[in-house]
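Remember, predicted model here, so these are calculated numbers, not experimental data. A, B, ... follow the sequence lines: proteins, then strands. Residue 1 opens every chain. Scope of the values below: all heavy atoms of this structure, side chains included, with no hydrogens, waters or symmetry mates.
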2 protein chains.
Amino acid sequence: MTQLESAQIGKITMEMEEVARKEGLSSEFIRTGVAEGKIVILHNNDRPGLRLCGIGEGLRTKVNANLGTSPDNPDLQNELEKLKVAVKHGADAVMDLSTGGHLDDIRKRILEESPVPVGSVPIYSAAVEIVKKGKKVVEMTADDMFDSIQKHVEYGMDFITVHCGVTLETIRRLRNQKRITDIVSRGGSFLAQWMLCHEEENPLYAQYDRLLRIARDYDVTLSLGDGLRPGCLADSTDRSQIQELIILGELAKRAKENGVQAMIEGPGHVPLNEIEANIMLEKKLCDGAPFYVLGPITTDVAPGYDHITSAIGGALAAKAGADFLCYVTPAEHLCLPTLEDVRQGVIASRIAAHVADLAKGSKTAQEWDKKMGKARKELDWDAQMELAMDPDLVKSRRDANPPDEEEACTMCGKFCAVKGLKEYFSEPLK
Amino acid sequence: MTQLESAQIGKITMEMEEVARKEGLSSEFIRTGVAEGKIVILHNNDRPGLRLCGIGEGLRTKVNANLGTSPDNPDLQNELEKLKVAVKHGADAVMDLSTGGHLDDIRKRILEESPVPVGSVPIYSAAVEIVKKGKKVVEMTADDMFDSIQKHVEYGMDFITVHCGVTLETIRRLRNQKRITDIVSRGGSFLAQWMLCHEEENPLYAQYDRLLRIARDYDVTLSLGDGLRPGCLADSTDRSQIQELIILGELAKRAKENGVQAMIEGPGHVPLNEIEANIMLEKKLCDGAPFYVLGPITTDVAPGYDHITSAIGGALAAKAGADFLCYVTPAEHLCLPTLEDVRQGVIASRIAAHVADLAKGSKTAQEWDKKMGKARKELDWDAQMELAMDPDLVKSRRDANPPDEEEACTMCGKFCAVKGLKEYFSEPLK
């Protein structure tokens, strides 16, 4: 029985208990959420208990880090290093998006070494395999796509992105829309190319039941990809994006009816004033399925700083109800991320998630911040380092800038506002 | 006649025309805003036309960068370099907050070299001077404070921060509140120490008319400082903060009645869910006076990344109506910023301001983003560099990561979503 099927008949699984414990919530809360399709538990039946992460309504906002080689950077070791950096800085899940080098090896090693759930996009390796054979991406068959999906879940993926909502209907609407950027999702683009070339429906949509059977066998969570996500602010929340979202809502419903957990992927490039409506729409059109957003990036003009444009969008999205933030690194739109980009991306995304959890009134989140406030008032630098999201960075910056007065810092030195006031005004800390 | 007095009798000044031209708005719009106290024009009568910046309702969101030495880092040259970096990356104004080295020299040089308006906090130099004489900060006299203010405006400051709202009444409320961080504003702390030591009212409040006369003589804008700004999330939007805001609203009204331009300074550390209410409150309690916010920082636990915690808060604040964002650098809470911190801080703050302008529907802002979207669709890398907020960074990252396929980047290489789709789906760009 899958997690969803167990939940629906009122059975609390070990996995639900584990998620409940991690979140400080009751197992019954988790069971209800899973049964209603509002919480998913990322895991793979073939690896029980190894990796586990709950995502959805009422839970802490989670963060995903994308890893993976590219044709220009096929080195596996580098990606394994990125995995370590991502996990060290607090990523709750990672995705292997490799398209360069020996994909089977890379997938195997990342799955072996990751202590957090791993996701992937099977259409990528289907594309890479066909190109390796000297053919074009559009020459893959529907069976090639499903074989790749089967392989990924057999290897142990906990969740897979499947762009089932790129249909003849959405492409017709896209044509009618006249967007600036058309399709910027890689998986969405592969499928659209295939459909336009063959003049046939998307196999992942046409044979969705086949997909559900594979996912059900391993209890893998489907991440219903948004192939039509906007690639610039001017394209956001347009008819093609919302058309796809409607279809994804129907597919999430069919997944739930078939005992398969599903979440929905979301934009993308979205102006700040449209973010809340985007989250509300997803929750309504997809019956409360967990929302997994990329960014959202809130301006197009800051390449090199898209971890910041996304932290702004991610914080507001998560406050409005987005459950899972896919990090965006400073390398976005420019190149494959470096180790340093991964660190920056994970931290920026965790800041967004935590800022949202604070705003949603999470007591655990608020307690953390309160401790930092007290450490600052007490000029307790050891506590400040310990409580910081990135203690190493705080330590290295303080070591590099030793103040003349130990209690202060080099910004104000002997003119420290906190220190100066203590002599004349002091209240016991709560 | 001051800008405000001219505006009130219906006269459009050269300065209003200049601001109107820069903003692409009518001179009459600017005049009305100035007359109503909803727009200020940062300048100093002694330097007509040299530096100019309009701030307030209906204008582009502006960004300030703080510079200045400290007792631990008294080097002037370094601060002049920071000025260059801040201006190069788009700061609309700077503040000299120096407290180390030869303050008169530093102030003079920064004013000489800055092409943008310069502000300062005169109470800092009053404190430094008294300490130089071997006395304590609290031993300064009211005349010392006003002499320092007089000196700063004579030197040519375009705006000055004055913490007039730290009164016996607000301190009584602070005592009653039992905050975690009490006072974290340096100027606010100096004045509170003075008041608590002498058991006397804040001279900047008690002799506010004297302050108005000095400001009026030079047509300098008063930046009414928030000495009670919260120093951690748990302290935000509390009775002492709002009490001070009420008083600042009364003082802004008195400034307007006396022909003096005024803006209001605001928090600080604020959870995301309280930001909009904070902006609304300022606009209501201060009759629409421009709001100049520091951050707001949206979590306490990410020292080293406070340019990001502030970009989140600043974007939401500016969208809700904040007019002027004071940058926060990655060095905040840790040390005096480096050149690199200044660059990061200015860019993060500009991103927040631009994201808000986009969300508020600015056509100029939207046009910029639309061009970037088109450049991306066309895989035009020269245009992408030119349109980027930080072209040098984009160029250096691309140069360091040359893709195998010229049109693509090293993230997807030959599997580029945009490039692949072009063969099968292509719409003429609008």
Contact part of A:Ala331 toward chain B, heavy-atom cut-off under 4.5 Å: side chain, backbone, both or neither? both
Measure the spacing between CE of B:Met195 and OH of A:Tyr424 and express it to the nearest 0.5 Å. 14.0 Å
Minimum side-chain heavy-atom gap B:Phe425-A:Leu174 below 4.5 Å: yes
Counting only non-hydrogen atoms closer than 4.5 Å, does B:Pro71 touch chain A with its backbone (N, CA, C, O), its side chain (CB onward), both, or neither? side chain
Quick one: what part of A:Cys232 sits under 4.5 Å from any heavy atom of chain B, side chain, backbone, both or neither? side chain
Does a side-chain heavy-atom distance below 4.5 Å link A:Lys374 with B:Thr181? no
B:Ser396 versus chain A, the contacting section by heavy-atom distance below 4.5 Å: neither
Of A:Met385, A:Glu332, A:Lys319, A:His333, the largest count of non-hydrogen pairs under 4.5 angstrom with chain B goes to A:His333
Going by ring pair (Phe, Tyr, Trp, His ring centres under 6.0 Å), name the residues that satisfy it together with A:Trp381, two or more places apart in sequence or in a different chain. none
Give, as side chain, backbone, both or neither, the part of B:Ala375 having an atom under 4.5 angstrom from any heavy atom of chain A. neither
Within-4.5 Å side-chain heavy-atom neighbours: A:His269 and B:Arg376: yes
Find out whether A:Val301 and B:His354 are in side-chain contact, i.e. whether some heavy atom of one side chain is under 4.5 Å from a heavy atom of the other. yes
A:Ser185 versus chain B, heavy atoms under 4.5 Å apart: side chain, backbone, both or neither? backbone
At a 4.5 Å cut-off on heavy atoms, which part of A:Lys360 comes close to chain B: side chain, backbone, both, or neither? neither
Between atom CG of A:Asn73 and atom CG of B:Asn401, what is the distance when rounded to the nearest 0.5 Å? 7.0 Å
Please classify the contact of A:Phe190 with chain B as side chain, backbone, both or neither, using a heavy-atom distance under 4.5 Å. side chain
Can you tell me which portion of A:Gln344 sits under 4.5 Å from chain B's heavy atoms? Options are side chain, backbone, both or neither. side chain
Can you tell me how far the CD atom of A:Gln193 sits from the CD atom of B:Glu423, to the nearest 0.5 Å? 7.5 Å
What pair of heavy atoms forms the shortest contact from B:Ile308 to A:Ala311, and how long is it? CG2-CB, 3.7 Å
Within the structure provided, determine whether A:Ile351 and B:Ile312 are in side-chain contact (heavy-atom separation under 4.5 Å). yes
With a 3.5 Å distance limit and no angle check, can you tell me whether B:Asp300 reaches the backbone of A:Gly373 through a side-chain donor-acceptor pair? no
Using non-hydrogen atoms and a limit below 4.5 Å, what part of residues 386-393 of chain A faces chain B? A:Leu387, A:Ala388, A:Met389, A:Asp390, A:Leu393
Looking only at heavy atoms and a cut-off of under 4.5 Å, which of A:His307, A:Arg186, A:Arg350, A:Lys136 has the most pairs with chain B? A:Arg186
State, with a plain yes or no, whether a side-chain heavy atom of A:Lys370 is found less than 4.5 Å away from one of B:Ile180. yes
Throw together a table of side-chain donor-acceptor distances under 3.5 angstrom for residues 410-422 of chain A, partners on residues two or more places apart or in other chains.
from, atom 1, to, atom 2, distance (Å)
A:Thr410, OG1, B:Leu336, N, 2.9
A:Lys419, NZ, A:Glu405, OE1, 2.6

For B:Lys371, what residues pass the salt bridge (Lys or Arg N to Asp or Glu O under 4.0 Å) criterion, not counting sequence neighbours? none
Strictly below 4.0 Å, N to O, side chains only: are B:Arg397 and A:Asp341 in salt-bridge contact? yes
Quick one: are B:Arg398 and A:Leu334 in side-chain contact, heavy atoms under 4.5 Å? no
Identify which of A:Gln366, A:Gln384, A:Arg343 forms the greatest number of heavy-atom pairs closer than 4.5 Å to chain B. A:Arg343
Among B:Pro271, B:Pro337, B:Ala192, B:Cys197, which has the most heavy-atom pairs under 4.5 Å with chain A? B:Cys197
Measure distances from B:Ile347 to the heavy atoms of chain A and classify the residue's part below 4.5 Å as side chain, backbone, both or neither. side chain
A:Asp72 backbone acceptor or donor facing B:Asp404 side chain under 3.5 Å: no
Interchain contact, A:Val128 with chain B, by part (heavy-atom threshold 4.5 Å): both
Distance col, row B:Thr298:OG1 vs A:Leu316:CG, nearest 0.5 angstrom, shows 11.0 Å
Residue pair B:Leu272 / A:Leu358, side-chain heavy-atom distance below 4.5 Å: no
Option in A:Ile183, A:Ile275, A:Thr338 with maximal non-hydrogen atom pairs under 4.5 Å from chain B: A:Ile183
